[in-house]
Amino acid sequence: MTTVTELDAAATAGVADAVAALAGRRIAVLTGAGVSTDSGIPDYRGKGAPVRTPMTVDQFLASEAARRRYWVGSHLGWRAFAAAEPNDGHRAIADLEMRGVATGVITQNVDGLHVRAGSRRVVELHGTMRRVFCTHCGQVFDRRDLARRVEADNPWIAVPENIALGPDGDVLPESTDGFRIPECTVCGGMLKPDVVFFGEFIPAGKFREAEQLVHGSEALIIAGSSLVVNSGIRLLERARRRRLPVVIVNRGATRADSRATVKIDAGTSEVLRALAEALPE
Ligand SMILES: [Zn+2]
């Protein structure tokens, strides 16, 4: 369970304004990394976060050394995700959907926590760490099975002291030299996690799905995203074009604060829970 702090006066007033703007409407929810920080998953774009140089898909495809480094980091990341639990924010969104208030959730997160919290209509814009696919034959693998295979092939990876991390949390090359990269068990082809890499586009069909969700809704809540990713801005503009109320919940400024009907500068777990409690069916 996450400990939820009390809302301050400004946030309480913001929640009241948001409830007035949203009440009686079917709401689409868009979430970013800020929604998962209370589950212990760091927000690399948040305030004070280290500068990160994520691997591009070209680097991944071109170099075996890069792939080794990627897979070690990805495996450790997956283990952290698998150990994380959904928080009040994820649960509030699932609850709103169950009560027919929310139409579903579009997320920039790849941690799978909305699905685990019970959300049913989930559009994972940047893919999900839960799946891995073969770039050659298309076979899809469950990440849990693959993680078992990685640990069987590389027993040393289960010992944290064996992994050297750089100051930005990335895995250093020297600790990945002996890593055996998992291959497709069907054709021996190159595997890739089902996530959108840095420098890759969101698949068109996935973005259309997100647009359709916004299109079938009468309001939009954006939670835990500073909206540096353009897909978020594009979805916000779809809602604004139809003059739908837009509520932004985020700690710190976002790129679209001036375009929101209501902006609440506070933690997403406590605000989403307050909204779920106050919004009528
Ligand atoms: Zn294959």
Side-chain angles (χ1 to χ4, degrees), residues 1-2 33 35-44 49-50 52-87 90 107-118 122 124 126-198 200:
M1 279 298 288
T2 37
V35 159
S36 291
T37 50
D38 280 346
S39 295
I41 294 170
D43 176 0
Y44 290 107
R52 211 155 146 269
T53 47
M55 186 173 295
T56 66
V57 72
D58 290 342
Q59 288 168 321
F60 178 85
L61 295 174
S63 151
E64 195 180 314
R67 281 199 294 283
R68 278 203 298 269
R69 202 160 72 244
Y70 178 86
W71 274 109
V72 173
S74 178
H75 181 73
L76 299 177
W78 156 253
R79 277 216 307 231
F81 282 7
E85 292 294 334
N87 63 50
H90 300 109
T107 186
Q108 298 164 343
N109 302 337
V110 296
D111 54 36
L113 289 176
H114 285 300
V115 173
R116 281 174 53 201
V122 183
E124 295 173 307
H126 294 171
T128 173
M129 292 269 272
R130 289 177 289 116
R131 280 191 303 269
V132 169
F133 69 94
C134 174
T135 57
H136 185 70
C137 76
Q139 178 73 34
V140 175
F141 299 91
D142 187 303
R143 188 61 182 256
R144 285 168 299 190
D145 299 334
L146 191 89
R148 275 193 285 273
R149 194 137 65 82
V150 164
E151 294 190 1
D153 286 348
N154 307 278
W156 54 269
I157 208 168
V159 185
E161 296 83 70
N162 288 339
I163 314 290
L165 292 177
D168 57 358
D170 282 2
V171 180
L172 295 180
E174 55 262 38
S175 58
T176 65
D177 283 352
F179 182 75
R180 214 174 126 196
I181 299 173
E183 287 175 350
C184 175
T185 50
V186 177
C187 77
M190 188 194 293
L191 296 182
K192 183 179 174 295
D194 192 6
V195 296
V196 174
F197 273 53
F198 188 71
E200 251 187 330

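We number each residue from 1, following the sequence as shown.
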Has the side chain of [X] got a donor or acceptor atom that lies under 3.5 Å from a matching backbone atom of [Y]?
| X | Y | result |
| --- | --- | --- |
| T176 | F179 | no |
| N87 | V35 | yes |
| H126 | Q108 | yes |
| R67 | K192 | no |
| S39 | E85 | yes |

Closest heavy-atom contact between [X] and [Y]?
| X | Y | answer |
| --- | --- | --- |
| R131 | T128 | NH2-CG2, 3.3 Å |
| H90 | A117 | CB-CB, 3.6 Å |
| S36 | D111 | OG-OD2, 2.6 Å |
| V195 | E200 | O-OE1, 3.7 Å |
| W78 | M129 | N-CE, 3.6 Å |
| A84 | R116 | O-NH2, 2.7 Å |

Would you compute the distance between atom [atom1] of [X] and atom [atom2] of [Y] and round it to the nearest 0.5 angstrom?
| X | Y | atom1 | atom2 | value |
| --- | --- | --- | --- | --- |
| N154 | H75 | CG | NE2 | 8.0 Å |
| F197 | Q59 | CZ | CD | 10.0 Å |
| I181 | M190 | CD1 | CE | 8.0 Å |
| R68 | D177 | CZ | CG | 6.0 Å |
| R149 | F141 | CZ | CZ | 6.0 Å |
| E183 | L191 | CD | CG | 8.0 Å |

> Given the rule in the side-chain contact (heavy atoms from CB on, under 4.5 Å) test, do I41 and L113 qualify, once you have shown the distances and angles that lead to the verdict?
Replying inline: CA-CA 10 Å; I41 294 170; L113 289 176; 3.7 Å; yes

> Should R143 and S74 count as side-chain neighbours, where that means a heavy-atom distance under 4.5 Å?
Replying inline: yes

>> With side-chain contact (heavy atoms from CB on, under 4.5 Å) as the criterion, how do H136 and V186 come out once you've worked through the C-alpha distance, each side chain's angles and the decisive distance to 0.1 Å?
In response: CA-CA 10 Å; H136 185 70; V186 177; over 6 Å; no

>> For W71 and F60, take the angle between the two ring planes, folded into 0 to 90°, and tell me which bin it lands in: parallel under 30, tilted 30 to 60, perpendicular over 60.
In response: tilted

> Using a distance-only test with no angle check, is there a side-chain donor-acceptor pair under 3.5 angstrom linking H114 and E124?
Replying inline: no

